[in-house]
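Structure, as structure tokens:
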Amino acid sequence: MKEKQRLFILALDGTPFSLLNRLMDEGVMPNLRELVKTATFRELHSVQPPLSSVAWASFMTGGKPAQHGISGFVEREPRTMDWFVPKADRLKLPTVFQILSDRGKRVFSMNVPLTYPPFKVNGILISGFLNKDIGKGTYPPAVGAFLKAKGYVVDADIEMAKRDLQSFFNELWDVLEKRIEMMWHFYEQEAWDLFMTHIMETDRLHHIFWKYFAHDLPPFAEQFRRFYGRIDALIGKVQQKLSDDMALLMLSDHGFTELKYEVYLNRWLAENGYLYFEQVPPKSLKDLHAFSKAYSLYPGRIFIHLKGREKFGSVNSGVEYERLCQELSGKLLKLRDPQNKPVIKEVRRGYELYGIPPEAGNQMFTDPLRLGIVPDLLALPYKGYDLKGVLWHDRLFDRKVFSGTHTFVDAFVLGKGISIPDSVEAIPDIFKVIQSYFGIGKS
Ligand SMILES: [Zn+2]
């Protein structure tokens, strides 16, 4: 057997460890069943907050949000109260693709979230989630024109699910098929040391169709299984193509569970006298009234309206800040859903879970004025509650077309021909697994 030198990574966004086990037991995934007999296969944790942007940034860099700089889909600039969507150009740490490129390795990366705008690698980078136009989303640029001409798209249109579920399912299928077709095209054409494809369609499938599968509701319970049958066929082909010098790594970035309720935390803050707006409904964070004490961004990130940090902040650092953090935490833990079930399991200080921001240096990193993107509080819900961040909603609890939501636990990792030590617990640890495989850094 040749020495392992090349690595194939297949990423399934939001696919739970428990789901794969169930589908293997049901006979839906025979290829995976065969594969796990000779592979390491176990549960992996995500990162807080367990979102694709944040988790794949952790995968690529090994950092937590305060270190890699991505803390959610939306971020705010407290001095101006502008909000924006953080993209790859805000990453503060080098990615595994760049590190390997610098060492002369050939890299192929397809559809990994937070690789837009595309950056230079020694090979090909096809950006994923947060990019709308594949024609402008690749390195080198000519690859984008090629993919566009082939009908490749970055993501299925989830808005379609609000109009017609069957059309959305069909679209998911088509997007997946095209991605697989193009993946094999590059696999055959290109020389590479690291080849990675990310499948976003599993996450989309779960958001919309989870309840059908969970409760065995026709017609989508069967179609959900058929979708994973297609993923299993892909896994089978990947196995066939693995040569002796190649290892396989598969993983997801977070788990999934049935959505109980969307919870509109800014509604809760307003109802409890912590949040006021200049106009109703507010158009943006700039409409926050100076009287406001706190506001929230998705998911469960709570920022104190702090004097000296937020533009019109009213809360003083020190005793007032500490008292407010405690008061909010205590009240949030008492929040109950319409079935009288508790919603919030735990409220933590942001710096406890986000890592220490590098800008804090050797100073007390708990100084709220120095927290940067780290939220003052992070509300962690019980399974099934999605803590929304929109500023204005007409009710506190709601449910619409989405029927699944993310979990921190129950992601998975699978390795064949690559060592996954027991110390690997969460997605930021995978960075070291890849580095060790290629003989970089400490193992
Ligand atoms: Zn998702």
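Throughout, numbering of the chain's residues begins at 1 and tracks the sequence. Every number for a ligand or one of its atoms is a count from 1 in the order of the listing.
Using a 30° and 60° split on the angle between ring planes, His206 and Tyr228 fall in the parallel class, below 30°.
Using a cut-off of 4.0 Å between Lys/Arg side-chain N and Asp/Glu carboxylate O, Asp216 and Arg225 are scored as salt-bridged.
Side-chain contact check for Thr95 and Gln98: at least one donor-acceptor pair (N or O, by modelled atom type) lies under 3.5 Å.
Of all N, O or S atoms in Asp203, the one lying closest to the Zn ion (ligand 1) is OD1. Restricting His207 to its N/O/S atoms, the shortest distance to the Zn ion (ligand 1) is reached by NE2.
In this structure, CD1 in Ile231 is found 8.5 Å from CE in Met250, a value given to the nearest 0.5 Å.
When distances to the Zn ion (ligand 1) are checked against a cut-off of 2.8 Å, His254 contributes no N, O or S atom below that limit.
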